[in-house]
Amino acid sequence: MTRLSEYLLPTEKQAPADAEAISHKLMVRAGLIRQMGAGMWTWLPAGWRVHQRVVAIIREEIDAIGGQEMLMPVLQPAEPWRKTGRLEIEELFKLNDRKGSELVLAMTHEEAVTFHAAQTINSYRDLPLILYHFQVKERDEPRPRAGVLRTREFVMKDSYSLDRDRAGLDASYEMHVGAYDTIMQRTGLRFYRVESDVGMMGGLGAHEYMAPCPAGEDEVALGPGYAANVEIARRSADVEQDGDRLLMHGEPLTIEPAIEVGNIFKLGTRYSEALDATYLDERGEEHPIWMGSYGIGPARVVAAAVEQFSDEHGISWPRALAPFAVHLVALGRPGTPERDAADRLYEELRAGGVDVLYDDRERAPGEKFADAELLGCPLRLTVGRRSLESGEVEVQVRRGRKDAPGLPLTGEPAELVLAVDELWQSLP
RNA sequence: CGGGGCGUGGCGCAGCCUGGUAGCGCGCACCGUUCGGGUCGGUGAGGUCCCGAGUUCGAAUCUCGGCGCCCCGACCA
């Protein structure tokens, strides 16, 4: 039931004065998100639909490589963090409960999985495992910025691979590379998988998934068949510095700003050793569990999509992420034949399982069209007096605002749904 | 954490320099009008002027202190 007259979609003509990034401006203007404080954001209904589309894609692909979904708490005892040496991190929120016990708000969940691995995994027979969850992360960022791009609280899908040895970790890591590639392709984003710094996570190897866009905080160096974090490229033996340019075998690398939407790490045994997560092998010998950690931020995927796919009128979602497939605009006032036709069309689409947002508000046509373009659903159907005259529903494809052939206004509902679906499948 | 900027109705802003009790556009409500690109006209509601202290007969405006937010940089497990 999604009639715009009954739906919370607070669109704005003007962007918040302090917004700089395109995604920040458009997501607020389109009524997707609203701010509560620095780095603290609420996802409004339409925005949350988009977020959940990303979540659904991720879930399918992690399930597909054998991931087991669970849920670990955000509020945690400080002790495991002390043991791994991460209690000192400044971005970690620390607090005390009423008894004075030391707690933290988790910024990621290595300590938690490892803690449970130590309790529950005893034998080589228990391995390998991929465990994951979608959970809020809390980080006391020195500088939150650009709407939902860098926040102090955000949902992350983090999975953790648990293996017997280095070879097992390598295999789990490769499975994640495959899953992540597929996830990114399915979102419709332009992206690069780049080699990255292992950073203070420590570990044996890492990649980042970068979505190029102007608001990006990172930089990727790109050449034919080559993509890397700029810092990594600078350190590469194949790359030489030429003034402020980077050359690879004499060919210049292009440098693009990008958002880091996901990252994957080979952790090794750093956490399992610190938290004593071990297993016994066939000979009864004890070994630390080999671990990998794999994160992806749906909010950043959403913001990156807005950055990459928008124009002066608003957002133009890749179809995999759109809040609704169809934005149906009724032009006539209640009681007119054209309005009745629109009502009927809405019911038919809905009954046919099409995800449709129905603009049944009593507003001027221009305002409805403007809102539709702001929100950016891939297909806009318009029913007005003209439709009654021509017998066709006007179809407009959001990306590029191209007109598509009209659909018959009267006819078998099943055929209408089929036609819409066919059109849908042809969209980017 | 260093630098810069900003806090006035839901959003965007003016007023502050030169103190006299708050105004504009959009939005919102109602009436009429219009109905294929943010229609037009009228009426109306809505504000602790970020907070506190001070100066003053009087503070949105001046002084001091605090808080919040944004941008650039540093940082980014």
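Chain naming here is simple, since letters A, B, ... match the order of the sequence lines and numbering starts at 1 in each.
Sorted by first and then second residue, the salt bridge (charged side-chain N to carboxylate O under 4.0 Å, His left out) pairs involving residues 31-48 of chain A (not counting sequence neighbours) are A:Glu12-A:Arg34. Applying the salt bridge (charged side-chain N to carboxylate O under 4.0 Å, His left out) test to every pair with at least one member in residues 135-147 of chain A, sequence neighbours left out, gives these pairs: A:Lys137-A:Asp158, A:Asp140-A:Arg152, A:Glu141-A:Arg150, A:Arg145-A:Glu217. Within the structure, every pair that satisfies the ring pair (Phe, Tyr, Trp, His ring centres under 6.0 Å) test and touches residues 8-28 of chain A, not counting sequence neighbours, is listed here: A:His24-A:Trp41. Here salt bridge (charged side-chain N to carboxylate O under 4.0 Å, His left out) pairs that include residues 384-393 of chain A, with residues two or more places apart or in two chains, are A:Glu338-A:Arg385, A:Arg386-A:Glu394. Applying the salt bridge (charged side-chain N to carboxylate O under 4.0 Å, His left out) test to pairs two or more places apart or on separate chains, none has a residue in residues 14-33 of chain A.
Nucleic acid contact for A:Ala364: sugar-phosphate only, since backbone atoms but no base atoms lie under 4.0 Å from a heavy atom of the residue.
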Nucleotides 42-51 of chain B: which of its N/O atoms have a protein N/O under 3.5 Å away?
none

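Within residues 135-144 of chain A, the residues approaching RNA chain B are A:Pro142, A:Arg143, A:Pro144, by heavy-atom distance under 4.0 Å.
Under the side-chain hydrogen bond (donor to acceptor under 3.5 Å, both in side chains) criterion, A:Glu195 pairs with no residue at all, not counting sequence neighbours. When the side-chain hydrogen bond (donor to acceptor under 3.5 Å, both in side chains) test is applied to A:Gln76, the partners found at least two apart in sequence or on another chain are A:Trp81, A:His109. Not counting sequence neighbours, the partners of A:Glu102 by the salt bridge (Lys or Arg N to Asp or Glu O under 4.0 Å) test are A:Arg82. Residues meeting the side-chain hydrogen bond (donor to acceptor under 3.5 Å, both in side chains) test with A:Lys368, sequence neighbours left out: none.
Of the P atoms belonging to B:rC71 and B:rG23, the separation is 33 Å, rounded to the nearest Å.
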Scan nucleotides 22-30 of chain B nucleotide by nucleotide, 5' to 3', and note B when protein non-hydrogen atoms come under 4.0 Å of the base, S if they reach only the sugar-phosphate, - if neither.
-> ---BS-S--
